[in-house]
Amino acid sequence: MDEDPATAPYPPTHWIPADSANYTVSSRPTAHPIDFLVIHVTQETFGDAMRIFKNPAAKVSAHYMVASADGYIGQFVREKDIAWHAGNWDYNTRSIGIEHEGWIDRPEYFTDAMYRSSARLAAAVCARYGIPTTRDHIIGHVEVPGSTHTDPGPHWDWDRYIGLVISGG
């Protein structure tokens, strides 16, 4: 029997806390509604991005990061708290940031395992907060107003990803 994507549980995640200097403690969704997912690509390896999130001088974090090779998910900031990932305070307060290991110009990093694991996570987050599973609410970092970033880049397969999110991964 297939699970209903709207009630699918979160995939396994591993708690790897970002330094507390890299996010804002909050009580979302009470303090701020959560109505977006922002999709990122690290431009780093998983290990290097993890070290950046743990560095108190970095002033950057994301809620989750998905590894390329096997879809491993690290959680760096609790969803109730505000990760500093979008470069736009309003979007930071209203979104969950999901980083993906890799580089925007190296499509070999966008593996089936990574897409499926990320889509399961995205489906669960969307179900929890009532976020529509559409491109209006699941956006790339490049689409955040005022963004100077270009991720997830031209090789990110949005049709595939949204289809996987809708089907629960």
Side-chain angles (χ1 to χ4, degrees), residues 5 8 10-18 22-23 34-55 58-79 81-88 91-92 94-129 131-144 147-169:
Y10 276 60
T13 61
H14 305 273
W15 179 241
I16 310 167
N22 294 335
Y23 64 91
I34 298 173
D35 50 14
F36 288 98
L37 291 183
V38 179
I39 303 301
H40 302 268
V41 172
T42 60
Q43 297 294 104
E44 301 280 351
T45 64
F46 190 101
D48 285 347
M50 177 182 68
R51 284 186 279 285
I52 291 167
F53 293 165
K54 291 177 139 316
N55 176 352
K59 305 301 182 212
V60 67
S61 61
H63 293 93
Y64 297 98
M65 183 169 33
V66 183
S68 173
D70 58 5
Y72 172 94
I73 301 172
Q75 182 176 3
F76 295 86
V77 176
R78 297 190 192 289
E79 291 177 3
D81 295 330
I82 301 166
W84 300 346
H85 62 96
N88 173 314
Y91 274 71
N92 281 344
R94 298 170 46 208
S95 65
I96 300 291
I98 304 176
E99 286 278 3
H100 297 83
E101 177 184 28
W103 286 263
I104 64 169
D105 59 348
R106 295 177 64 187
E108 65 271 20
Y109 273 87
F110 303 153
T111 64
D112 186 62
M114 185 188 71
Y115 273 118
R116 288 185 180 283
S117 182
S118 178
R120 280 190 297 276
L121 173 62
V125 170
C126 287
R128 175 177 283 176
Y129 298 105
I131 301 169
T133 54
T134 65
R135 284 286 284 120
D136 290 335
H137 290 270
I138 302 173
I139 64 173
H141 193 181
V142 66
E143 297 167 296
V144 172
S147 176
T148 59
H149 289 253
T150 60
D151 58 305
H155 299 290
W156 185 260
D157 188 340
W158 279 110
D159 290 339
R160 178 181 181 199
Y161 186 68
I162 295 297
L164 287 169
V165 173
I166 290 168
S167 69

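Numbering of residues begins at 1 and proceeds along the displayed sequence. Side chains are part of it too, since the values below use all heavy atoms of this structure and drop only hydrogens, waters and symmetry mates.
- Side-chain contact between Met65 and Phe53 is present, with at least one heavy-atom pair separated by less than 4.5 Å.
- Here the CH2 atom belonging to Trp15 is positioned 4.0 Å from the CZ atom belonging to Arg78, to the nearest 0.5 angstrom.
- When only modelled atom types and interatomic distance are considered, Tyr161 and Ser118 share a side-chain donor-acceptor pair under 3.5 Å.
- Here Pro12 pairs with nothing under the side-chain contact (heavy atoms from CB on, under 4.5 Å) rule; sequence neighbours left out.
- With sequence neighbours left out, Tyr91 forms a side chain to side chain donor-acceptor pair (under 3.5 Å) with no residue at all.
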Mind running side chain to side chain contact (heavy atoms under 4.5 Å, CB included) on Ser95 and Ile34 for me, showing each step along the way? CA-CA 5 Å; Ser95 65; Ile34 298 173; 5.9 Å; no
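- You'll find the side chain of Ile39 stays beyond 4.5 Å of the side chain of Ile139, heavy atoms only.
- With sequence neighbours excluded, the residues satisfying side chain to side chain donor-acceptor pair (under 3.5 Å) with Glu143 are Arg135.
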Check the pair Arg51, Asp48 against salt bridge (charged side-chain N to carboxylate O under 4.0 Å, His left out), reporting the backbone distance first and the verdict last. CA-CA 5 Å; Arg51 284 186 279 285; Asp48 285 347; 2.6 Å; yes
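- Atom OG of Ser147 sits about 9.0 Å away from atom CG of Asn88, to the nearest 0.5 Å.
- The closest side-chain heavy-atom distance from Ile98 to Val38 is not below 4.5 Å.
- Residues Ile138 and Cys126 come closest through the heavy atom pair CD1-SG, 4.1 Å.
- Of the options His141, His100, His40, a ring-ring contact (aromatic ring centres under 6.0 Å, His included) to Trp156 is made by His100 and by none of the others.
- Contact annotation: the side chain of Met50 approaches that of Ile16 to within less than 4.5 Å [non-hydrogen atoms, C-beta and beyond].
- Tyr10 and Arg128 make their closest contact through OH-NH1, 3.4 Å (heavy atoms, listed as atom of the first residue, atom of the second, distance).
- Here the shortest heavy-atom pairing between Ala119 and Gly169 reads CB-CA, 3.9 Å.
- Under the 4.5 Å side-chain criterion, counting only non-hydrogen atoms from C-beta, Ile104 is not in contact with Pro152.
- Contacts classified as salt bridge (Lys or Arg N to Asp or Glu O under 4.0 Å) and involving residues 66-75 (residues at least two apart or in different chains) are not found.
- Between His155 and Tyr109 there is no side-chain heavy-atom pair separated by less than 4.5 Å.
- Using a distance-only test at 3.5 Å, with no hydrogens or angles considered, no donor-acceptor pair links the side chain of Thr13 to the main chain of Ile73.
- Interatomic distance, NE2 of His137 versus CD1 of Ile162, reported as 11.0 Å (0.5 Å rounding).
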Stepwise side chain to side chain contact (heavy atoms under 4.5 Å, CB included) test for Ile52 and Val60: CA-CA 8 Å; Ile52 291 167; Val60 67; 3.6 Å; yes
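- Across all non-hydrogen atoms, the minimal contact from Asn92 to Ala86 is OD1-N, 2.8 Å.
- Checked against a 6.0 Å centroid threshold, the rings of Phe76 and Tyr23 do not count as neighbours.
- Heavy atoms only, all atoms of each residue included: Met114 and Glu101 are closest at SD-O, 4.0 Å.
- Within the model, atoms OG1 of Thr133 and CG of Leu164 stand 12.0 Å from one another, a figure rounded to the nearest 0.5 Å.
- In this structure, Tyr129 and Asp35 have side chains that are not in contact, with every pair of non-hydrogen atoms separated by 4.5 Å or more.
- Side-chain contact between Ile96 and Phe36 is absent, with no heavy-atom pair separated by less than 4.5 Å.
- Evaluation of the side chain to side chain donor-acceptor pair (under 3.5 Å) rule for Arg116 yields Asp112 as partners, not counting sequence neighbours.
- In plain terms, the two heavy atoms of Ser117 and Pro11 that are nearest each other are O-CG, 4.2 Å.
- Aromatic ring centres of Trp103 and Phe110: separated by at least 6.0 Å.
- Legend: residues meeting side-chain contact (heavy atoms from CB on, under 4.5 Å) with Ala83, ordered by chain and number and at least two apart, are Ser61, His63, Val77, His85.
- To the nearest 0.5 angstrom, Ile131 atom CD1 is 13.0 Å from Asp136 atom CG.
- For the residue pair Glu79 / Tyr64, a side-chain donor-acceptor distance below 3.5 Å is found, with atom types taken as modelled.
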